[in-house]
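Report on one structure; see the data block that follows.
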Amino acid sequence: MRQLLVTSALPYANGPIHLGHLVEYLQTDLWVRFQKMRGHRAIYVCADDTHGTAIMIRARAEGRSEASLIAEMSEAHQRDFAGFGIEFDHYGSTHSEACRAVCHEIWAALRKADMVVEEEIDQLFDTEQGTYLADRFVRGTCPKCGSHDQPGDNCGSCGAAYSPVDLVDPVSTLSGTRPELRRATHLFVRIERMHEFLAGWTQSGTVPPECANYLKNYFLNEPLRDWDVSRPAPYFGFEIPDSPGNYWYVWFDAPIGYIGATAEWCQCQGETLDDWWKSEKTEIHHFIGKDIQYFHTLFWPAMLKTAGFRLPTQVHIHGFLTVDGEKMSKSRGTFLRASKYLEHLDPEYLRYYYATKLSSRVEDLDLNLAEFVARVNSDLVGKVVNLASRTAKFVETLGLSAEYPEDGGLFVHFAERGEEIAEAYENGDFGKAMRMIMELADQANPYVEEKAPWALRKDAARSRELQDVCTVALNLFRTLVIYLAPVLPELARKTGELFDNPIVRWDQAKTPLTGRPIARFSHMMQRVDPAKVESMVRESREEGSAPSPSEAETAAAGASHPSPTAADSGEVLAANPIAPQITIDEFLKIDLRVARILAADEVPEAKKLVRLTLGLGGTETRNVFAGIKAAYAPADLVGRLVVMVANLAPRQMKFGLSEGMIVAAGPGGDDLYLLSPDEGAVPGQRVG
RNA sequence: GGCAGGAUAGCUCAGGGGUAGAGCAGAGGACUCAUAAGCCUUUGGUCGGCGGUUCAAAUCCGCCUCCUGCUACCA
């Protein structure tokens with residue numbers, strides 16, 4: 001019997017669980033369920049990731065304590081996970097004494113190994129908000145090409161990489177004020193001292209080959225930079241014991257949360273933590289997304305190694321979720337929260353659908369909604385459940401045959417495939433496992449077709465034959481459900497009830513059931529109703545149309561995301577306060593005009609721009625390049641009215657001259673909303 | 001810009017030097033037990049492009065195009 005400790009990445013306590021998160025939690029859950037069915041001892045631990053600037057700022061904006069914010073979020077997360085049948089053995093928090101204790105232990109070990117150095121670094125400080133600013137909270141003019149309003153770490157226009165302190169005219173996105181340069185002491189881990197160890201460990205099969213290549217060619221081909229693990233106050237986290245006023249950076253304590261959560265579980269169960277984290281008898285399996293690879297495959301093993309903990313046996317890495325081929329998008333209604341899904345649809349549908357699309361490779365996964373409906377209905381209802389549905393009621397009174405009948409080797413064949421299917425599960429090739437199971441289902445239905453129990457039923461003299469046919473069909477059905485049980489726990493439970501024999505172990509598939517009654521059959525799974533999928537998307541779109549500021553940072557699924565219910569909370573305003581007062585004369589300098597979009601053209605070479613031809617009435621037109629490519633398709637723009645800044649100085653851009661600007665709300669990217677006049681306005685009218 | 005990955009049928013994907021595959025969708029048929037499910041037959045592809053290695057390339061190598069992600073003081 002193997003002993004396995006399995007983790008999923010800790011969800012950040014800054015937003016609700018969405019379908020992107022679930023790619024990870026569902027695959028971990030079904031892998032753990034599989035291991036348990038195989039008779040191994042497996043525990044699944046996870047926790048909320050609670051520290052960092054984002055939590056501090058949000059709590060401040062909502063006028064509450066961080067503790068109250070993270071408690072509420074933890075409850076919501078656990079509710080969502082439970083709704084999808086994700087069974088943790090323990091769910092903790094990084095803001096726990098157990099986690100703090102392990103942080104202290106690992107820190108002491110790093111100190112003792114002389115792995116920590118102090119260094120003074122320059123960082124921008126927002127005097128109004130009273131906080132140091134991470135890169136993403138600063139925007140300004142690119143020091144290289146002079147483009148305005150660029151992010152703090154690299155220029156979207158020329159692609160140059162730089163530090164926020166290099167920006168010309170930096171602006172804090174939190175307060176809109178100009179931050180000042182301050183010097184602060186940071187603590188760094190000299191990870192380069194582990195270079196040789198990491199080079200060996202990462203290339204030894206513990207991480208997928210794609211990840212090993214990436215690490216080898218991007219990080220390990222040169223000296224590793226010191227890792228900055230501290231943040232000066234104010235910061236929400238644990239204060240570093242031997243460096244007052246400095247706190248551990250959230251990514252220092254996040255993975256330590258795995259150990260903290262295990263420690264709490266051990267305490268409840270009377271187990272010893274060292275048996276799980278310092279013993280070679282335990283396998284440790286991390287399931288993570290590809291965005292956080294280097295934290296788990298460089299920093300994390302270096303910390304564990306230094307502090308004498310067991311190293312991860314395997315780091316399982318998955319790609320991101322797209323919906324209908326594109327990034328999840330609020331305006332399209334494809335930003336689907338877990339709780340919203342559960343209002344409309346059965347969690348088993350998604351568990352199965354994801355399983356069919358998951359492999360051990362680091363690849364993105366597309367949730368195609370039409371395919372989702374077809375796949376679940378065709379495979380689960382049409383093929384699998386249909387086997388029971390078309391035979392069970394024929395043997396309601398007779399029960400199963402006393403001896404397993406001759407079936408032309410079908411059952412033996414089904415049983416023999418079990419190991420092959422198990423191997424696919426073991427390797428994380430869930431899609432392969434599902435394909436093999438459906439291949440078997442495709443052999444079972446023709447059997448029923450050939451034996452035609454509906455014909456046998458009409459002849460009382462052949463009732464024995466009818467019973468035999470149904471005994472075969474129902475046993476084949478049960479075998480399929482055993483193989484699907486890690487994915488579909490609810491279907492497995494109902495099937496256990498049908499046979500009065502709970503499905504708990506994989507090897508139950510080796511022995512057919514005979515000579516026992518069959519419970520009255522009732523539908524085990526409803527078909528997916530496409531209308532429910534549509535209403536889920538529609539409601540998500542409606543709720544997504546009022547975004548809050550930190551949502552701007554959401555890119556691919558898997559990133560943190562705040563609750564849409566906070567949309568009107570004042571958070572938007574708090575995060576981006578009103579600018580200094582101006583006079584009416586100053587305002588009148590800006591000539592805003594209603595304009596009609598006469599043409600909207602793709603600029604294929606541009607990442608963000610769309611070329612607009614704006615009509616101001618008559619023959620008066622303006623050529624404007626607008627950075628709205630991610631939010632609007634050109635075809636949808638033509639004909640609509642917008643508001644433009646008509647007297648803005650023209651600006652020469654790479655693709656041509658831009659003669660104005662259209663006004664829009666929102667932080668940018670696909671989270672952008674053009675302003676339109678109400679009906680009746682005509683092009684050329686002044687706005688004021 | 002650098003790094004990693006991807007491109008195979010209308011859709012979602014498997015395969016990985018030796019006659020191009022599955023499911024769904026489409027077409028035709030027989031049946032009627034089953035949630036309009038199931039069964040039989042069937043139409044779809046120069047495997048992103050160009051070059052190379054080879055008796056043989058979707059597969060190996062090189063270059064190119066397009067897509068995705070990451071790029072260490074965001075999590």
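Each chain gets a letter, A, B and so on, in the order the sequences are listed, and its residues count up from 1.
- More than 12 heavy atoms of other residues, nucleotides or ligands sit less than 6.0 Å from atom CD of A:Glu396.
- Within 6.0 Å of CZ on A:Arg464 lie no more than 12 heavy atoms contributed by other residues, nucleotides or ligands.
- When heavy atoms are screened at a 4.0 angstrom cut-off, A:Ala374 is found touching the sugar-phosphate backbone but no base atom.
- With sequence neighbours excluded, no residue satisfies side-chain hydrogen bond (donor to acceptor under 3.5 Å, both in side chains) with A:Tyr354.
- A glycosidic torsion no more than 90° from 0 defines the syn conformation; B:G51 lies beyond that range and is anti.
- Counting distance only, with no hydrogens placed and no angle test, the side-chain atoms of A:Arg225 and the base atoms of B:A72 include a donor-acceptor pair under 3.5 Å.
- Regarding A:Trp300, its CH2 atom lies at a distance of 17 Å from the P atom of B:A75, rounded to whole Å.
- With sequence neighbours excluded, the residues satisfying side chain to side chain contact (heavy atoms under 4.5 Å, CB included) with A:Ala212 are A:Gln203, A:Val207.
- For the pair A:Glu420 and A:Arg417, the salt-bridge criterion is met [side-chain N within less than 4.0 Å of a carboxylate O].
- At a non-hydrogen distance threshold of 4.0 Å, A:Glu210, A:Asn213, A:Tyr214, A:Asn217, A:Tyr218 from residues 205-218 of chain A come into contact with RNA chain B.
- In this structure A:Leu181 satisfies the side chain to side chain contact (heavy atoms under 4.5 Å, CB included) test together with A:Asp122, A:Leu124, A:Val165, sequence neighbours excluded.
- A:Glu210 pairs by the side chain to side chain contact (heavy atoms under 4.5 Å, CB included) definition with A:Pro208, A:Arg361, A:Val362, not counting sequence neighbours.
- The side-chain hydrogen bond (donor to acceptor under 3.5 Å, both in side chains) check on A:Lys451 picks up nothing, with sequence neighbours excluded.
- Here A:Glu363 lies in heavy-atom contact (under 4.0 Å) with sugar-phosphate atoms only.
- Atom NZ of A:Lys494 is surrounded by more than 12 heavy atoms from other residues, nucleotides or ligands within 6.0 Å.
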Restricting to nitrogen or oxygen on both sides, can you table the protein-nucleotides 59-61 of chain B pairs closer than 3.5 Å?
none

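- Among the protein residues, A:Ile121 comes within range of the nucleic acid bases, having at least one heavy atom under 4.0 Å from a base atom.
- When the nearest nucleotides of RNA chain B are assigned to A:Trp251 and A:Leu224 by heavy-atom distance, the more 5′-ward of the two goes with A:Leu224.
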So if I define the base as every atom that isn't primed, P, OP1 or OP2, how would nucleotides 33-39 of chain B read as a B/S/- string at a heavy-atom cutoff under 4.0 Å?
BBB-SBS
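- Each side-chain hydrogen bond (donor to acceptor under 3.5 Å, both in side chains) pair with one or both residues in residues 381-395 of chain A, not counting sequence neighbours, appears once here: A:Lys383-A:Asp442, A:Arg390-A:Asn445, A:Arg390-A:Glu449.
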For RNA chain B, what dot-bracket results from Watson-Crick or G-U pairs at under 3.5 Å, with [ ] for crossers and | for inter-strand partners?
(((((((..((((....[..)))).((((.........)))).....(((((..]....))))))))))))....
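- You'll find the side chain of A:His318 reaches within 4.5 Å of the side chain of A:Gln27, heavy atoms only.
- By the side chain to side chain contact (heavy atoms under 4.5 Å, CB included) test, A:Glu120 pairs with A:Arg183, A:Thr185, sequence neighbours left out.
- Checked against side-chain hydrogen bond (donor to acceptor under 3.5 Å, both in side chains), A:Asp379 has the following partners two or more places apart in sequence or in another chain: A:Tyr352, A:Arg375.
- Distances shown here put every side-chain N or O of A:Tyr132 at or beyond 4.0 Å from the OP1 or OP2 atom of B:C73.
- Among the atoms of the strands shown, only primed sugar atoms or phosphate atoms (P, OP1, OP2) are found under 4.0 Å from some heavy atom of A:Tyr235.
- Checking the phosphate oxygens (OP1, OP2) of B:C13, no side-chain nitrogen or oxygen of A:Arg375 falls inside 4.0 Å.
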